[in-house]
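Accompanying notes for the structure given below.
Labels below follow one simple rule: chain letters A, B, ... track the order of the sequence lines, proteins then strands, and each chain is numbered from 1. What you see is a predicted model, and the numbers here were worked out from it, not measured in a lab.
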Amino acid sequence: MTELAPTVDFIRDIISRDLGNLVNDGRLHTRFPPEPNGYLHIGHAKSICLNFGVAAEHPGGQCNLRFDDTNPEKEDVEYVDSIQEDVRWLGFTWEDRCFYASDYFSQLYQLAEKLIELGKAYVCDLSSVQMREYRGTLTEPGQESPNRNRGVAENLDLFRRMRAGEFPDGAKVLRAKIDMASPNMNMRDPTLYRIRRVIHHRTGGEWLIYPTYDYAHGLSDALECITHSLCTLEFEDHRPLYDWILDQLQLPCRPRQIEFSRLSLEYTVMSKRKLHALVQSGAVAGWDDPRMPTISGLRRRGFTPESIRDFCRCIGISKSPNRVEYALLENCLRTDLEARAPRAMAVLHPLKVIIENFPADRVEELTAANHPQNEAMGMRTLYFTQEIFIEQDDFREVASKEYKRLVLGGEVRLRNGYVIRCEEAVKDPISGEIVALRCVYDPATLNVNPVGRKVKGVIHWVSATRSVVGEVRLYAPLFTVSDPDGLKGEIVEYVNPESIQVLTNCRLEPSLASANGGIPFQFERLGYFHRDREARPDYPVFNRAVSLRDAWAKIEQRR
RNA sequence: UGGGCCGUCGCCAAGCGGUAAGGCCCCGGAUUUUGAUUCCGGUAUACCCAGGUUCGAAUCCUGGCGGCCCAGCCA
């Protein structure tokens with residue numbers, strides 16, 4: 001699909017202006033800085049598209065992938081692997097610029113000693129509980145730590161001993177010496193280093209002290225010569241600290257932090273804590289459960305990288321609080337797949353139809369276009385036999401002027417096939433349930449409209465003997481409320497029990513049995529379906545990524 | 001009764017003193033062997049509210065109101 005030009009937003013405005021004014025010598029260098037403590041989700045995609053996207057829009061622009069791995073307690077290589085896979089899948093490349101904050105641990109340590117020498121940082125003995133008490137509140141200033149005025153030599157000695165492992169976890173921290181009375185809580189002598197005897201997924205047991213985000217992030221940006229450090233709104237209050245640290249240390253490069261609002265999407269949650277809870281509780285089948293807003297979940301569901309990029313373009317970048325409608329995401333997928341997805345037929349709720357005037361031993365080959373508007377996608381063979389299946393929904397005993405599918409005594413067109421007329425509905429004598437339909441076909445109607453009468457309905461079908469049994473999974477929103485973040489209590493309890501529906505008796509046209517990988521199919525009249533990784537050669541399994549727009553469903557709802 | 005940020009159509013979102021872009025949703029209608037697609041057409045006298053400045057304000061000023069974020073040795 002052709003990708004539309006990115007729209008302009010306030011960040012691109014700032015960058016264009018900076019480039020024009022030769023700020024940073026006219027360089028543009030961004031970074032995408034995930035913490036490897038969970039899987040990427042659609043909110044990260046927004047940031048990825050912004051950071052990698054804006055870099056790609058300018059000659060010489062670059063974007064680094066940088067793992068913000070300063071908290072080994074929560075991090076794991078499983079996540080760094082999945083993050084790389086997801087960024088790549090989305091269509092972006094960091095070339096040889098994949099970095100880790102942990103790459104800079106030594107430099108960060110040296111810089112911390114320099115900060116101490118400058119008299120701008122000190123070792124504090126307060127416990128975390130005491131520190132909270134000393135911090136004050138939103139409306140009252142904090143109190144200075146008793147250790148705040150330790151001499152440089154003592155601070156240096158203590159900090160070195162923290163690194164050497166002379167103190168237990170939590171016994172001491174290194175703090176910035178800023179202003180305990182600042183109205184901005186982040187400036188009340190924030191912690192820069194803490195003692196943690198934890199094996200780091202990359203540096204192993206080399207370090208016993210780890211830098212905090214606030215200390216490591218801006219310096220990592222500066223060390224990589226990032227020009228524009230784009231992050232979400234909750235870091236706005238941290239910007240003064242970001243700037244303060246860079247002001248003290250005076251590195252050669254001076255990045256600038258700009259914040260934008262994070263994405264929230266209707267009927268789902270985006271916080272890693274809640275996503276973890278869903279996975280760990282078993283409420284979903286894993287990070288790549290097709291109901292999850294994770295990149296891996298969307299991928300398994302059948303979303304394409306193109307559609308996700310288009311979605312990110314559509315939602316724009318701003319600072320306003322927002323909650324985007326799920327319909328927009330669906331629209332982006334439909335738009336992409338409408339043009340590219342090969343068509344096929346599958347019957348989800350089979351109803352047997354017996355064509356009484358068609359020989360029982362005959363198999364007629366019919367050809368069907370793989371795409372109605374794109375001949376280049378070729379043709380495929382369909383098999384017409386005496387017994388076929390149609391969708392239960394596509395038959396009604398009684399006609400109504402709105403309903404234009406098959407009714408008793410009425411005619412309907414079989415998609416890519418003949419017109420049939422229903423003569424009789426065969427019912428189970430006990431339950432009264434319709435078990436089969438007796439129909440006749442009109443041999444003169446293949447690729448030709450019947451003369452003298454108008455057949456307005458077209459339904460999909462599959463041969464009873466030349467089709468395969470398979471499984472189809474249909475999805476509904478993970479939560480029934482549009483804003484599950486507003487719910488009280490554990491998020492897991494609010495998962496929509498009908499968010500997944502597994503249909504095990506579906507009938508698929510033969511071409512679908514061997515389908516593998518690639519983009520989803522459009523099952524005509526039903527939606528776009530993507531082969532699931534649990535499918536076996538003898539047992540196809542498909543996930544419905546999104547349904548087709550359904551005007552009939554709307555008409556029925558209004559009734 | 002601390003600080004920061006935000007408030008333009010149901011949902012996103014342009015707009016940067018000259019008289020409200022666009023997308024999604026929704027509603028009509030045309031074409032259609034997918035009730036799909038496509039195509040036409042409709043949808044904010046109005047920009048949180050109230051004052052003010054100006055020939056002219058969504059855009060500037062003042063004062064309100066509403067929402068979000070911050071008191072991790074998380075990011």
- Message: Under 3.5 Å for both donor-acceptor distances, Watson-Crick or wobble: does rG51(B) have a partner, and if so which one?
- Response: rC61(B)
- Has the side chain of His217(A) got a donor or acceptor atom that lies under 3.5 Å from a matching backbone atom of Asp214(A)? no
- Confirm from the modelled atom types if Glu140(A) and rG2(B) form a donor-acceptor pair under 3.5 Å, side chain to base only. no
- Message: Less than 4.0 angstrom between a side-chain N/O of Arg313(A) and OP1 or OP2 of rC24(B), yes or no?
- Response: no
- Query: Within 45 degrees of the axis of the six-membered ring of Tyr528(A) and under 6.0 Å from its centre: does Arg334(A) put its NZ or CZ there?
  - Reply: no
- Whole-Å P distance, rC24(B) and rC60(B): 31 Å
- Distance test, side-chain N/O of Arg194(A) to OP1/OP2 of rA75(B), below 4.0 Å: yes
- Query: Which nucleotide, in any strand shown, forms a Watson-Crick or G-U wobble pair with rG66(B), with both distances under 3.5 Å?
  - Reply: rC6(B)
- Candidate pair Val347(A) and His460(A), rule side chain to side chain contact (heavy atoms under 4.5 Å, CB included), full reasoning: CA-CA 7 Å; Val347(A) 175; His460(A) 57 96; 4.1 Å; yes
- Message: Under 4.0 Å, heavy atoms only, any strand: does Glu402(A) hit a base, just the sugar-phosphate, or nothing?
- Response: base
- Which nucleotide in rA75(B), rC73(B), rA36(B) has an atom nearest any side-chain atom of Thr70(A): rA75(B)
- Query: Roughly how far apart, to the nearest Å, are rU59(B) and rG4(B) at atom C1'?
  - Reply: 23 Å
- Message: Run Tyr122(A) and Phe159(A) through ring-ring contact (aromatic ring centres under 6.0 Å, His included) and show every step you take.
- Response: CA-CA 8 Å; Tyr122(A) 62 96; Phe159(A) 187 49; over 10 Å; no
- Query: Would Arg163(A) count as a cation-pi partner of Tyr109(A), with NZ or CZ less than 6.0 Å from the six-membered ring centre and within 45° of the ring normal?
  - Reply: yes
- Using a 4.0 Å heavy-atom cut-off across all strands, classify Tyr403(A) as base, sugar-phosphate, or nothing. base
- Query: Looking across every strand, which nucleic acid part, if any, lies under 4.0 Å from Leu265(A) by heavy atom: base, sugar-phosphate, or nothing?
  - Reply: nothing
- Item | Rounded distance in Å between the P positions of rA36(B) and rU31(B) | 14 Å
- Query: Going by 5.5 Å between centroids and 30° between planes, is there a stack of Trp552(A) over rG35(B)?
  - Reply: yes
- Message: Roughly how many Å apart are rC16(B) and rA75(B), using the C1' atom of each and rounding to a whole number?
- Response: 34 Å
- Message: Taking 4.0 Å as the cut-off, does a side-chain nitrogen or oxygen of Ser320(A) come that near to OP1 or OP2 on rA13(B)?
- Response: yes
- For rG7(B) versus rA44(B), give the span between their P atoms, rounded off to a whole number of Å. 22 Å
- Task: Give Thr191(A) one of three labels, base, sugar-phosphate or nothing, depending on what nucleic acid heavy atoms sit under 4.0 Å from its own.
- Result: sugar-phosphate
- Does Ser318(A) place a side-chain N or O at less than 4.0 Å from the phosphate oxygens OP1/OP2 of rA13(B)? yes
- Task: Return the nearest nucleotide to the side chain of Asn71(A); candidates are rU33(B), rC73(B), rC74(B).
- Result: rC74(B)
- Task: With heavy atoms under 4.0 Å as the rule, sort Lys172(A) into base, sugar-phosphate or nothing.
- Result: nothing
- Message: So Arg175(A), base contact, sugar-phosphate only, or nothing? Heavy-atom distance under 4.0 Å.
- Response: nothing
- Sugar-phosphate only, base, or nothing, as touched by Met131(A) at under 4.0 Å among non-hydrogen atoms: base
- Query: Does the side chain of Tyr39(A) come under 3.5 Å of the side chain of Glu78(A) through a donor N or O and an acceptor N or O?
  - Reply: yes
- Query: Considering only rU33(B), rU37(B), rC69(B), which nucleotide approaches the side chain of Asp237(A) most closely?
  - Reply: rC69(B)
- Message: When you measure from the side-chain N and O atoms of Arg334(A) to the phosphate of rU34(B), is any distance below 4.0 Å, counting only OP1 and OP2?
- Response: no
- Among the nucleotides rU34(B), rA75(B), rC24(B), whichever has the atom closest to the side chain of Arg415(A) is rU34(B)
- Message: From C-beta outward on Pro372(A), which listed nucleotide comes closest to its side chain: rU34(B), rC6(B), rC12(B)?
- Response: rU34(B)
- Query: Between Thr139(A) and Lys46(A), which has a closest nucleotide on RNA chain B that is more 5'?
  - Reply: Thr139(A)
- Item | Heavy-atom donor-acceptor pair, Arg239(A) side-chain to rG4(B) base, under 3.5 Å | no
- Message: Which is it for rG72(B), anti or syn, if anything within 90° of zero counts as syn?
- Response: syn
- Who does rC39(B) pair with, Watson-Crick or G-U, both distances under 3.5 Å? rG29(B)
- Message: With a 3.5 Å distance limit and no angle check, can you tell me whether Glu365(A) reaches the backbone of Thr381(A) through a side-chain donor-acceptor pair?
- Response: no
- Over 60° means perpendicular and under 30° means parallel, so classify the ring planes of His44(A) and Phe32(A), tilted if in between. perpendicular
- Query: When we call it a touch if two heavy atoms are under 4.0 Å apart, what does Ile317(A) touch: a base, just sugar-phosphate, or nothing?
  - Reply: sugar-phosphate
- Phosphate-side-chain proximity, Arg525(A) and rG35(B), N/O vs OP1/OP2 below 4.0 Å: yes
- Leu328(A) CG - rC11(B) C1' separation (whole Å): 8 Å
- Note on the structure: Looking only at rC26(B), rC25(B), rU34(B), the nucleotide nearest the Ala327(A) side chain is rC25(B)
- Message: Under 4.0 Å, counting only non-hydrogen atoms across every strand here, what does Gly417(A) touch: a base, just sugar-phosphate, or nothing?
- Response: base
- Message: Let's see if you can work this out: which of rU34(B), rC27(B), rG23(B) has an atom nearest to the side-chain heavy atoms of Arg558(A)?
- Response: rC27(B)
- If you look at every strand shown and take non-hydrogen atoms under 4.0 Å, does His238(A) touch a base, only sugar-phosphate, or nothing? base
- Message: Counting only side-chain nitrogens and oxygens, does Lys319(A) get under 4.0 Å of the OP1 or OP2 atom of rG4(B)?
- Response: no
- Could you tell me if the ring centre of Phe479(A) sits under 6.0 Å from that of Tyr267(A)? no
- Message: Taking the nucleotide of RNA chain B with the nearest heavy atom to each, does Arg323(A) or Gln373(A) sit closer to the 5' end?
- Response: Arg323(A)
- Message: Classify Arg343(A) by what it touches in the nucleic acid, base, sugar-phosphate, or nothing, heavy-atom distance under 4.0 Å.
- Response: base
- Closest nucleotide among rU33(B), rG23(B), rA75(B) to the Cys314(A) side chain: rG23(B)
- When the distance from CZ of Arg12(A) to C1' of rA13(B) is rounded to whole Å, what number comes out? 13 Å
- Query: Under 4.0 angstrom, heavy atoms only, what part of the nucleic acid is Arg132(A) near: base, sugar-phosphate, or nothing?
  - Reply: sugar-phosphate
- Arg549(A) vs rG35(B): side-chain N/O to OP1/OP2 distance below 4.0 Å: no
- Could you tell me whether Gln522(A) contacts a base, only the sugar-phosphate backbone, or nothing, with contacts defined as non-hydrogen atoms closer than 4.0 Å? base
- Assert yes or no for the condition that the ring centre distance of Tyr418(A) to Phe384(A) is strictly below 6.0 Å. yes
- Message: Within the 4.0 Å heavy-atom criterion, would you say Asp485(A) contacts the bases, only the backbone, or no part of the nucleic acid?
- Response: nothing
- Checking rC74(B), rG35(B), rA14(B) against the side chain of Asp9(A) (C-beta onward), the nearest is rA14(B)
- Options rC24(B), rC12(B), rC26(B), nucleotide nearest the side-chain atoms of Lys554(A): rC26(B)
- Query: How far does the C1' atom of rG29(B) sit from the matching atom of rC68(B), given to the nearest Å?
  - Reply: 43 Å
- Message: Work out how far the C1' atom of rU8(B) is from that of rG67(B), and round it to whole angstrom.
- Response: 16 Å
- Taking atom P in both rA14(B) and rU1(B), what distance in whole Å separates the two? 31 Å
